[in-house]
2 protein chains.
Amino acid sequence: MNHQRPCREDARDPAPWSNGAQAIGVPPFADVLADTHRVMRRAGSTLKLEGEVAGGHYVLFSGWLAVAKSMLDGHRQIVDVVLPGGFLDAVSADLCTSVVEIEALTDVSYAAIPRQDWQRLLRERPDLARASDGSVRAAMSRMSARMLRLGKGSADSIVAFALCELCLRSTGGGLSEGWAYHIPMTQQQLGDFCGLSAVHMCRTLQRFRRDDILELRAPMRMVIRDLPALAAIAEIDPPVLRQQIVPAA
Amino acid sequence: MNHQRPCREDARDPAPWSNGAQAIGVPPFADVLADTHRVMRRAGSTLKLEGEVAGGHYVLFSGWLAVAKSMLDGHRQIVDVVLPGGFLDAVSADLCTSVVEIEALTDVSYAAIPRQDWQRLLRERPDLARASDGSVRAAMSRMSARMLRLGKGSADSIVAFALCELCLRSTGGGLSEGWAYHIPMTQQQLGDFCGLSAVHMCRTLQRFRRDDILELRAPMRMVIRDLPALAAIAEIDPPVLRQQIVPAA
DNA sequence: GGGCGGGATTAACCAAGGTTAATGCGTCGG
DNA sequence: CCGACGCATTAACCTTGGTTAATCCCGCCC
């Protein structure tokens with residue numbers, strides 16, 4: 001079963017930079033971070049618990065991370081997803097308490113950089129500082145867009161948006177009809193990302209499939225069949241969204 | 001009708017720094033920004049439309065700003081609220097498109113600083129850079145916390161959270177029983193902030209009032225009657241939340 | 001091959017909130 | 001003093017999405 005169109009590699013693919021979402025000089029700042037402690041984690045492991053005293057900054061080399069928070073009843077919200085090349089500063093205003101919980105959606109490798117070193121790096125490497133700045137800015141754009149849909153959108157609109165966002169980011173800008181890509185999350189996790197229950201996530205995906213907007217080759221392997229329809233539901237314009245949420249556009 | 005407890009001044013109060021939420025050296029960086037173009041706007045005016053080409057950075061001197069986005073059907077979500085002393089960078093990853101719409105909730109005065117100048121200022125004034133950094137960090141903490149409730153919380157939990165957040169920020173840390181404060185927003189706007197309809201916002205507030213959690217002296221003038229209950233509904237610990245969402249704690 | 005386990009799918013039911021619309025209430029301008 | 005307007009309040013009704021639970025599917029291990 002071959003695809004007629006270009007097909008992205010699996011995000012679990014061992015080649016670290018294959019899906020370099022925010023690839024800013026693939027691999028990103030390898031020289032700067034060469035002597036940094038490099039950490040690997042298996043899919044499903046939790047890197048840091050909410051409220052725990054935080055280490056500092058992370059630069060993700062490969063794999064996907066979910067940044068999440070939970071309510072007392074156990075319901076989780078994935079606040080953002082970090083892709084290869086992405087930066088993550090899991091620290092709140094007080095500079096020491098982490099407000100979030102970080103989960104590896106796939107096997108990951110990343111650099112964990114103590115606050116002091118990070119500050120020094122930023123001063124020494126303006127390019128790093130610029131990239132980090134752009135990353136923060138993109139993250140805020142994405143979060144704003146998702147907040148809008150979380151608060152005032154329908155389930156359809158958030159799901160469509162999430163599909164577009166993750167496609168745009170994971171393929172580095174490709175969002176076109178027939179494009180096949182993989183989201184390395186379960187429907188439960190995608191639901192947590194969209195503020196929906198797993199059941200309703202499933203319902204929505206199936207409806208998209210029946211309406212020929214989406215093709216589901218295998219669990220979480222999507223092909224966009226009707227991009228105009230998807231973009232309309234998501235209320236986005238793909239090229240514009242790309243500029244806003246993918247850093248170093 | 002005098003209050004038995006300390007009562008904050010009206011946020012529309014002419015004294016510019018009276019409610020200095022994130023007051024970092026009241027007034028914030030007046031020296032740095034002395035020669036900057038200072039702008040005033042009336043309550044209700046819109047400073048910038050979504051998608052418009054953006055100017056750059058803002059430093060808010062007095063009044064409240066709402067940062068919002070809207071869906072095609074006109075439904076709005078207030079993504080964040082900026083208080084006196086707060087910084088605002090309404091620019092997305094591409095460094096030129098604004099992703100949001102900014103509305104003055106009260107009469108405001110602020111400095112609008114072009115990107116270039118801002119960059120220079122940051123280089124020249126490490127204290128400003130630190131403050132700006134802290135402000136961004138705090139904004140992200142707040143947004144994460146609100147996203148969690150938007151996605152997975154009940155109406156009660158978001159409203160309670162918003163009440164705590166705005167009290168903490170507008171009074172500079174005070175969140176205690178009997179404390180009276182004013183939120184210069186209509187219920188419609190507070191609803192847009194919480195992802196709720198104005199009607200449900202009203203219902204919720206009234207329920208809090210009936211349950212003796214809140215007292216509503218006049219529209220949007222609240223007194224917290226039962227802080228433990230409110231904090232429990234919001235699922236927060238006031239001092240901890242303060243550290244996380246109020247910069248320069 | 002058979003049992004197991006995790007995720008996906010589906011249906012039936014339920015409840016939290018949205019919508020609409022009527023009403024109240026206070027302020028402001030004439 | 002009146003009317004208009006903007007906001008708050010309340011009730012009635014209905015939609016969307018959550019919950020529960022049964023079933024399925026597929027890969028894996030024995």
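Residue numbers start from 1 in every chain, and the chains themselves are labelled A, B, ... in the order their sequence lines are given, proteins ahead of strands.
The phosphate of D:dA8 has neither OP1 nor OP2 within less than 4.0 Å of any side-chain N or O from B:Gln206.
Checked by atom type and distance alone, the side chain of B:Glu215 never pairs as donor or acceptor with a backbone atom of B:Arg209 at under 3.5 Å. In this structure, A:Arg149 contributes its side chain and A:Ala234 its backbone to a donor-acceptor pair below 3.5 Å. A donor-acceptor distance shorter than 3.5 angstrom exists from the side chain of B:Glu235 to the backbone of A:Leu72, with no hydrogens or angles considered. Between the A:Tyr181 side chain and the A:Leu163 main chain, a donor and an acceptor come within less than 3.5 Å of each other. At distances below 3.5 Å, not a single donor-acceptor pair connects side-chain atoms of A:Ser157 with backbone N or O atoms of A:Gly153.
In the model, A:Gln206 has no side-chain atom that pairs as donor or acceptor with a side-chain atom of A:Arg203 under 3.5 Å.
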Less than 3.5 Å apart, which donor and acceptor atoms pair up between the side chains of residues 187-195 of chain B and the rest of the protein, not counting sequence neighbours?
unit_1   : atom_1 : unit_2   : atom_2 : d
B:Gln189 : OE1    : B:Thr186 : N      : 2.8
B:Gln189 : NE2    : B:Glu103 : OE2    : 3.2
B:Asp192 : OD1    : A:Lys152 : NZ     : 2.9

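Atom-to-atom, CG of B:Leu214 to P of D:dT9 comes out at 11 Å; the value is rounded to the nearest Å. One interatomic measurement links the two molecules: CZ of A:Arg221 to C1' of C:dG7, which rounds to 15 Å at whole-angstrom precision. A straight line from CD of A:Gln188 to P of D:dG18 spans 11 Å, rounded to a whole angstrom. The CE-C1' distance, from B:Met185 to D:dC7, rounds to 15 Å in whole Å. If you measure from atom CG of A:Leu205 to atom C1' of C:dT9, you get 11 Å, rounded to the nearest angstrom. Rounded to an integer number of Å, the gap from CG of A:Leu150 to P of D:dT16 is 18 Å. Atom CE in A:Met71 sits about 15 Å away from atom C1' in D:dG18, given to the nearest Å. Computed from coordinates, the B:Leu216 CG to D:dA8 P distance equals 11 Å when rounded to whole Å.
By the 6.0 Å and 45° rule, B:Arg38 stacks over the aromatic ring of B:Phe61.
Five base pairs at each end of the helix from C:dG1-D:dC30 to C:dG30-D:dC1 define two local axes, and these are offset by 30° (rounded to 10°).
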Protein-to-nucleotide contact annotation, 5' to 3' order, nucleotides 13-28 of chain C [B base; S sugar-phosphate only; - none; under 4.0 Å, heavy atom]: ----SBBB--------
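Using a cut-off of 4.0 Å between Lys/Arg side-chain N and Asp/Glu carboxylate O, B:Asp107 and B:Arg41 are scored as not salt-bridged.
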